[in-house]
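Here is the structure we will look at.
In this text, all values refer to a predicted model and were calculated from it rather than measured experimentally. As the structure lists them, so they are numbered: ligands from 1, and atoms in each ligand from 1.
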Amino acid sequence: MDITARAYSNIALIKYWGKTDELSHIPAVPSLSMTLDCFYTTTSLHIKNKTYPNLKQSPNDTHTLILNGVDTQGIAKDKVCKHIERVCLAHGLNEWPCFLVTSDNNFPTASGLASSASAFAALTIALKEYCQQRLGSDSKHLLNMRELSVLARMGSASAARSLFGGFVQLHTAGMHDSRQAYAEPVLLQHAWPQMRLVVGLVTHQAKEVSSTKAMAHTKNTARYYASWVDFSKRDLERAIKALHELDFESLGQVAETSALCMHALAMSAEPAIVYLKGVTLDAYHAVCALRKQGVLAYFTCDAGPHPKVLTLASHVNTVRSTLAQIPGVLQTIEASLGPDAHLIHSTIHAANL
Ligand code: PMV
């Protein structure tokens with residue numbers, strides 16, 4: 001039996017940074033992202049054997065994770081095992097088989113390009129298919145996309161947004177209100193065909209501090225945390241208004257501000273968390289210089305050093321050649337709005353469940 005699903009990574013224009021609940025990744029601030037068509041994770045589920053092990057005893061020995069071709073142990077595997085349990089339990093199943101999970105990214109993993117977002121979104125869609133086949137299509141336990149986005153969020157908060165194509169909002173919620181922190185589409189994939197994001201790839205290395213650790217440290221020590229939470233709600237409203245009006249300059253401006261404030265916040269932690277490298281700042285200045293020449297381009301950057309530039313199709317060549325000339329930029333990649341996460345195939349047979 002094989003189920004294969006694909007999900008696309010996303011880049012936040014209004015950034016999420018900080019949680020009200022660490023365990024289930026409830027964001028302290030609302031966020032808004034753009035799903036990218038060029039970076040994706042393809043995840044397959046294969047049943048290793050049909051006997052249902054006693055999962056409560058040693059759940060992690062039962063499953064196998066092959067991540068980018070490598071048999072993987074440790075935190076990455078623990079998270080995948082936990083997610084299998086989470087999605088199966090949420091569908092009302094109390095036993096499930098040993099899975100062989102293979103997960104492949106077509107882009108660098110854990111490097112600030114949102115590989116955990118596409119990975120947990122793809123895994124959620126594959127597991128949903130498995131659970132649906134087990135339950136049958138008229139089961140009362142089938143989940144809708146909003147409920148699935150809450151589950152994906154528990155794997156990695158930004159994964160909730162990768163379930164959907166186009167522009168996507170992730171809601172915030174209080175500590176005991178997990179189901180309110182769901183993702184939903186704001187503008188569909190084909191609503192703004194000129195929209196582009198250019199990524200300046202500067203390293204293939206994984207980042208030194210995970211976003212989970214960095215967020216907790218920021219919340220505990222950063223001087224501007226309360227102000228960040230306060231401003232992010234206003235930034236989100238500005239961005240949603242700009243999206244509905246297809247107002248590129250307003251959207252770009254508020255996105256650039258949100259990204260720089262997120263990094264300023266992380267830098268105000270003690271000790272500071274600094275994801276930006278020299279090349280990232282050179283790219284920022286180059287983008288400002290382009291704007292002075294009338295090129296529509298705005299800077300953003302996630303928890304890693306890669307500069308990313310929001311622009312329109314008519315300016316994309318100028319932006320790419322400008323970024324490519326900056327020492328340290330290894331490659332430029334152009335993204336348009338990506339699609340919903342989806343099933344690629346399912347050769348599941350009831351007899352094998
Ligand atoms: O969901 P995580 O743990 O991958 O954190 C994502 C954090 C940022 O990418 C920096 C911002 C965001 O909203 O995606």
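Residue R161 touches ligand 1 through its side chain alone, judged by heavy-atom distances below 4.0 Å. For H25, no heavy-atom contact with ligand 1 is shorter than 4.0 Å. Contact annotation: for S158 versus ligand 1, heavy atoms closer than 4.0 Å belong to both the backbone and the side chain.
Which parts of ligand 1 touch D302 is read off a 4.0 Å heavy-atom cut-off, strictly below it: atoms 8 (C), 9 (O), 10 (C), 11 (C). The atoms of ligand 1 that sit less than 4.0 Å from any heavy atom of A12 are 12 (C), 13 (O), 14 (O). The contact set between ligand 1 and A303, taken as ligand atoms under 4.0 Å from a residue heavy atom, comprises 10 (C). Per-residue contacts place M262 under 4.0 angstrom from the following atoms of ligand 1 (heavy atoms of the residue considered): 10 (C). Taking every heavy atom of M215 and a limit of under 4.0 angstrom, the matching atoms of ligand 1 come to 5 (O), 7 (C). For ligand 1, the atoms closer than 4.0 angstrom to any heavy atom of S116 are 4 (O).
Under the 3.5 Å distance criterion, with hydrogens and angles disregarded, a donor-acceptor pair is assigned to the side chains of T43 and S103. Side chains of S232 and D235: a donor-acceptor N/O pair is absent below 3.5 angstrom, by distance only. Judged by distance alone, the side chains of H91 and Q132 never bring a donor and an acceptor atom under 3.5 Å apart. For the residue pair K15 / S31, no side-chain donor-acceptor distance below 3.5 Å is found, with atom types taken as modelled. Inspection of the S156 and S116 side chains reveals an N or O donor paired with an N or O acceptor under 3.5 Å.
Judged by distance alone, the side chain of T203 and the main-chain N or O of Q205 form a donor-acceptor pair under 3.5 Å. With hydrogens and angles ignored, the 3.5 Å screen pairs a side-chain donor or acceptor of E256 with a backbone N or O of F299.
Hydrophobic clustering of Ile, Leu, Val, Met, Phe, Trp and Tyr side chains at less than 4.5 Å, counting indirect connections, keeps M267 apart from V229.
Among protein heavy atoms, atom 11 (C) of ligand 1 sits closest to Y16 O, 3.3 Å.
Ligand 1 has an N or O atom lying under 3.5 Å from an N or O atom of S211, backbone or side chain.
Judged by the shortest distance from any of its heavy atoms, S156 lies inside the 4.0 Å radius around the atoms of ligand 1.
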